[in-house]
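Take this structure first; my questions come after.
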There are 2 protein chains.
Amino acid sequence: MPYLSAIHKSVLFRKIPREDLPSLLEKLDSQLKHYAKDQVIHPAGRKVRRAGVLLEGEAVLFEEDFWERSSELDRLKAGRILLASDAAAHANALYTVRAAKPCVILWFDVREILTLDAGREGNTELLRSFMQELAVQNRELYARILDLDRSSTKEKLLSYLSKEAHRQNRNEFDIPYDRRELAEYLSVERSAMSAELSRLVKEGYLTTRRNHFRLLKKS
Amino acid sequence: MPYLSAIHKSVLFRKIPREDLPSLLEKLDSQLKHYAKDQVIHPAGRKVRRAGVLLEGEAVLFEEDFWERSSELDRLKAGRILLASDAAAHANALYTVRAAKPCVILWFDVREILTLDAGREGNTELLRSFMQELAVQNRELYARILDLDRSSTKEKLLSYLSKEAHRQNRNEFDIPYDRRELAEYLSVERSAMSAELSRLVKEGYLTTRRNHFRLLKKS
DNA sequence: AACCGGTTGTTGTTTTTCCAACACGTGTAA
DNA sequence: TTACACGTGTTGGAAAAACAACAACCGGTT
């Protein structure tokens, strides 16, 4: 069985005992496919029938709008899941997936996860991982919406930092982004954000150096 | 069994035969709780152990940031699911849930869904509904992020309208929002958005009247 | 037809953001 | 040590969005 170790590294299958994998994969009606660089893996708008694990390579997600202007949405590296929610919802893909490098993908039928014999240990584990994956992603997306759904850069920053403090459960913490990446996450312009951060420091909301922040209660 | 018909109306349980509900609910370790108006149903930051179905009443979601400024995020009516992804992810709530009106909530253990005897017909159905719910919400959140993650009102509008055309599979369609609601969804100011729409019409991107739109290929 | 409330479009002003250019500090390698 | 790349902060002018106020329009009611 090729790629077994890559499969075992993905979030979905890492909790399954390695020796249970082959029979599980068979029950899932899974299938390995290879894609050449730049090949379309799944076109936007087409019904998604199966989810995939990107075992090797790199994929880009992008959309093309009604006026034929395209924009890149995300890049996925090996180990990530493709089209999971779309497959689970039996819906049409919101975006096109294309191979940025030669890709190897393990496709599997999401509905099969549900009908597997629950008695077998590994099967429940797979289901648990899949649901966990959906749920975690759900929360990440919602958290980002809470940050983006603000009228000004200042509010976006305070929302993000506040949530980070809450998450790490202290008022002094590191963030996983540098300024450029933070600006991208908040969908604002880098230098304007930098200026806004300086203003926040002046106004006594916080202190910061590089990716380290300390939030201050205003007296 | 009280509230049986309300339970049967929620997205999660509507596909379960009514007569199977009582025993299913028992296996789920489910529990009815009543909340007075303004009572906190679940505080932000606390670990979520169970998901709930709002059977009666109305709940508000809101967050309070580090500087103690609070903002309302959403309002849920009867039939909606509470804290589903948070419970499935065994994570801390991102927001506080409060009763806007007296509420009745059916709490249940998400993990129990997984370990139910899959042989029983209704159990798989519940799991399917739950997963479907997570997946659909996932897609909605992602679609909104794609709209919000644009630098200008113009791009937000084009992104939203384009996606709607794609979804309805035609270039002429109605949207489910009036101007005020659309502005809120895109997180921009209503009158500025109206002005931008006029500009788009002048530039030949589309025509619109009220909530009806027709997108035009530019010649 | 006249009225009314609610929705939508317009206009002028103020505020915020974008953008481009550059300055400064830090860490790395020659 | 100097040179250089890179991340970050700053600044001034251009563009966009917010804001407030009002006008036009629409659908429903009397």
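Quantities reported herein were computed from a predicted structural model and do not represent experimental measurements. Heavy-atom basis, side chains included; hydrogens, waters and symmetry copies ignored. To find a chain, count down the sequence lines: A is the first, B the second, and so on, and within it residues start at 1.
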inquiry  = Does D/dT10 have OP1 or OP2 under 4.0 Å away from a side-chain N or O of A/S191?
reply    =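 No, because none of the side-chain N or O atoms of A/S191 sits under 4.0 Å from OP1 or OP2 of D/dT10.
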task = Name the nucleic acid region contacted by A/R199, choosing base, sugar-phosphate or nothing; use a 4.0 angstrom heavy-atom cut-off, strictly under.
result =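 Counting heavy atoms under 4.0 Å across all strands, no contact is made by A/R199.
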Whole-Å distance, B/R150 CZ to C/dT17 C1', equals 18 Å
Which label fits A/F213 and A/F173: parallel for a plane angle under 30°, tilted from 30 to 60°, or perpendicular past 60°?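 Rings of A/F213 and A/F173: parallel, under 30°.
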Practice prompt. Indicate whether OP1 or OP2 belonging to C/dC19 is found under 4.0 Å from a side-chain N or O atom of A/R190.
Written response: no
Note to self: I need the minimum non-hydrogen distance between B/G79 and B/V53, along with the two atoms involved.
What the structure shows: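 Answer, listing the atom of B/G79 first, then B/V53: O-CG1, 4.4 Å.
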- Query: A/M193 has an atom CE; how far is it from atom C1' of D/dT10, in whole Å?
  - Reply: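 A/M193 atom CE is separated from D/dT10 atom C1' by 14 Å.
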Whole-Å distance, B/D174 CG to C/dT7 C1', equals 16 Å
Q.
Suppose we call two aromatic rings close when their centres sit under 6.0 Å apart. Are A/Y95 and B/Y142 close by that rule?
A. yes
note: B/E189, atom CD; C/dT7, atom C1'; distance rounded to Å ~ 14 Å
message: What is the distance, to the nearest angstrom, from the CZ atom on B/R209 to the C1' atom on C/dG9?
response: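 To the nearest whole Å, that distance equals 13 Å.
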d(CG, A/D178; C1', C/dG25) in whole Å: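 In whole Å, C/dG25 C1' and A/D178 CG are 16 Å from each other.
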Determine the contact category for A/S194: base if any of its heavy atoms lies under 4.0 Å from a base atom, sugar-phosphate if only primed atoms, P, OP1 or OP2 are that close, otherwise nothing. base
- Query: Tell me: CD of A/E155 to C1' of C/dT16, nearest whole Å?
  - Reply: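 In whole Å, C/dT16 C1' and A/E155 CD are 13 Å from each other.
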Check your understanding: Does a nitrogen or oxygen in the side chain of A/S151 sit under 4.0 Å from OP1 or OP2 of D/dA18?
Key ->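 For A/S151, the contact criterion (side-chain N or O under 4.0 Å from OP1 or OP2 of D/dA18) is not met.
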Between CD of B/E196 and P of C/dT10 the distance, given in whole Å, is 12 Å
Tell me whether A/R144 forms a cation-pi arrangement with A/Y185, defined as NZ or CZ under 6.0 Å from the six-membered ring centre and within 45 degrees of its axis. yes
When you measure from the side-chain N and O atoms of B/T153 to the phosphate of D/dA17, is any distance below 4.0 Å, counting only OP1 and OP2?
yes
Notebook entry, point to check: Given D/dC26, is OP1 or OP2 found less than 4.0 Å from the side-chain N or O atoms of B/R210?
Noted result: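 So the side-chain polar atoms of B/R210 never come under 4.0 Å of the phosphate oxygens OP1 or OP2 of D/dC26.
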Comparing B/L197 with A/K154, nearest DNA chain C nucleotide closer to 5' gives the residue B/L197
**OP:** Check the side chains of A/E133 and A/Q137 for a donor-acceptor pair under 3.5 angstrom, ignoring hydrogens and angles.
**Re:** no
Quick note, A/A195 side chain, CB onward, closest among C/dC18, D/dT8, D/dT11 is D/dT11
